[in-house]
Trainee: 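Before I ask anything, here is the structure I am working with.
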Amino acid sequence: AEVSAARPPAGRTAAVVATRTIGAGLDAATERRLRQGRIPVDRKLDLHGLSEAQAHRRLLAALPAAQADGVRLVLIVTGKGSRDGRTGVLRRSLGRWLEEPGLASLVLSSRPAPPRLGGEGARQVLLRRRRD
């Protein structure tokens, strides 16, 4: 599987704009629909306001359950972070968590949400279809 990440624009961290796309299984049309916010959100996971440990535990429980329920697109809300321009802890940590062995096998693609779905304060996570 191939993992690619976009170069961050000036003033942004790689964690904020990184897009994880696995080459096998995600065609150009699906990627475009995801980027444009045209794939319906099946489930929303709001981590905003939780501690880092609480958010991590909730994510570890929620994504496998979502995949088991046949959910394809999860909108994960982390919030934008502090108002002094720094990136929030949850927003920074989410990308790393999605790469962990327990979750990486579930995730087909992860990208910042389009503005109408929360923009930089949320991520769209496209889950792999469950294989029985």
Side-chain angles (χ1 to χ4, degrees):
E2 179 181 327
V3 177
S4 65
R7 273 205 187 275
R12 292 200 176 169
T13 65
V16 174
V17 294
T19 300
R20 179 173 181 262
T21 303
I22 308 296
L26 190 64
D27 59 68
T30 303
E31 176 65 27
R32 184 176 51 254
R33 288 177 51 230
L34 185 62
R35 186 178 59 249
Q36 295 171 344
R38 292 191 350 221
I39 297 177
V41 173
D42 297 316
R43 190 163 292 171
K44 182 178 174 183
L45 177 60
D46 192 349
L47 304 177
H48 186 252
L50 299 177
S51 72
E52 190 173 9
Q54 290 170 323
H56 190 215
R57 281 192 302 272
R58 190 165 294 173
L59 183 70
L60 287 171
L63 289 187
Q67 187 189 45
D69 292 343
V71 168
R72 275 298 269 165
L73 186 65
V74 179
L75 181 68
I76 302 176
V77 179
T78 60
K80 291 184 179 181
S82 64
R83 294 176 193 228
D84 62 5
R86 294 183 314 194
T87 303
V89 173
L90 299 182
R91 188 170 152 207
R92 244 189 350 256
S93 299
L94 183 58
R96 184 180 74 245
W97 294 340
L98 293 174
E99 293 293 331
E100 291 176 351
L103 296 178
S105 62
L106 306 177
V107 177
L108 182 60
S109 179
S110 169
R111 65 176 313 108
R116 69 179 183 79
L117 293 177
E120 295 177 4
R123 288 191 74 81
Q124 295 174 305
V125 176
L126 188 64
L127 299 178
R128 294 181 185 279
R129 285 193 172 88
R130 183 175 160 193
R131 305 284 186 224
D132 292 326

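Treat the numbers as computed from the prediction; the structure is a model and nothing was measured. Scope of the values below: all heavy atoms of this structure, side chains included, with no hydrogens, waters or symmetry mates.
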Trainee: Could you give the distance from CD1 (I76) to CZ (R123), rounded to the nearest 0.5 Å?
Mentor: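 Between I76 CD1 and R123 CZ, I get 8.5 Å after rounding to 0.5 Å.
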Trainee: Using 0.5 Å steps for rounding, measure from the CG atom of L98 to the CG atom of L63.
Mentor: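 Reported to 0.5 Å precision, the distance equals 6.5 Å.
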Trainee: Got L103 and P64 here, is their nearest side-chain heavy-atom distance under 4.5 Å?
Mentor: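 Yes, close enough: below the 4.5 Å cut-off.
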Trainee: Identify the two heavy atoms, one from A113 and one from L75, that lie closest to each other, and give their separation to 0.1 Å.
Mentor: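 So the minimum-distance heavy-atom pair works out to CB-CD1, 3.8 Å.
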Trainee: Tell me the closest heavy-atom pair linking Q67 and L127, and the distance in Å.
Mentor: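 Where Q67 meets L127 most closely, the heavy atoms are N-CD1, 3.8 Å.
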Trainee: Once rounded to the nearest 0.5 Å, what's the spacing between atom CG of L126 and atom CG of D42?
Mentor: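 Between L126 CG and D42 CG, I get 9.0 Å after rounding to 0.5 Å.
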Trainee: Working to the nearest 0.5 Å, report the span between CD of Q54 and CG of L47.
Mentor: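 Separation between the atoms: 10.0 Å.
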Trainee: Count the heavy atoms of every other residue, nucleotide or ligand shown that sit under 6.0 Å from NE2 of H48, and state whether that count exceeds 12.
Mentor: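 Open.
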Trainee: Counting N and O atoms only, with roles assigned by atom type, does the side chain of R91 sit under 3.5 Å from a partner on the main chain of G79, one being a donor and the other an acceptor?
Mentor: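 Side chain of R91 to backbone of G79, a donor-acceptor pair under 3.5 Å: no, none is there.
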Trainee: Quick check: are there more than 12 heavy atoms from other residues, nucleotides or ligands sitting under 6.0 Å from CZ of R129?
Mentor: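 At most 12 heavy atoms, drawn from other residues, nucleotides or ligands, come within 6.0 Å of this atom.
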Trainee: Nearest 0.5 Å, please: how far is CD in Q124 from CG in L117?
Mentor: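 Separation between the atoms: 6.0 Å.
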Trainee: Tell me which pairs pass salt bridge (charged side-chain N to carboxylate O under 4.0 Å, His left out) where either residue lies in residues 50-64, with sequence neighbours left out.
Mentor: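 Applying salt bridge (charged side-chain N to carboxylate O under 4.0 Å, His left out) to every pair that reaches into residues 50-64, excluding sequence neighbours, yields E52-R96.
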Trainee: Quick check: do L60 and E100 have side-chain heavy atoms less than 4.5 Å from each other?
Mentor: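 Counting from C-beta outward, L60 and E100 do come under 4.5 Å.
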Trainee: What's the shortest heavy-atom distance between R116 and R38, and which atoms?
Mentor: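 Answer, listing the atom of R116 first, then R38: NH2-N, 4.3 Å.
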Trainee: Please name the pair of heavy atoms, one in P114 and one in G37, separated by the smallest distance, quoted to 0.1 Å.
Mentor: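 Shortest heavy-atom contact: CG-CA, 3.6 Å.
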Trainee: How about R72 and L108: do any of their side-chain heavy atoms sit closer than 4.5 Å?
Mentor: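 Heavy-atom side-chain distance check passes, below 4.5 Å.
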Trainee: Determine the minimum heavy-atom distance between D27 and T30, stating which atoms define it.
Mentor: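 Heavy-atom minimum between the residues: OD1-N, 2.7 Å.
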Trainee: To the nearest 0.5 Å, how far apart are CG in L90 and CG in L94?
Mentor: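 L90 CG to L94 CG: 8.5 Å, rounded to 0.5 Å.
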Trainee: The test is side-chain contact (heavy atoms from CB on, under 4.5 Å); show your working for L73 and L34 and say whether it passes.
Mentor: CA-CA 9 Å; L73 186 65; L34 185 62; 3.6 Å; yes
Trainee: If we only count heavy atoms from C-beta on, is the E31 to S109 side-chain gap below 4.5 Å?
Mentor: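 Result yes, sub-4.5 Å side-chain heavy-atom pair found.
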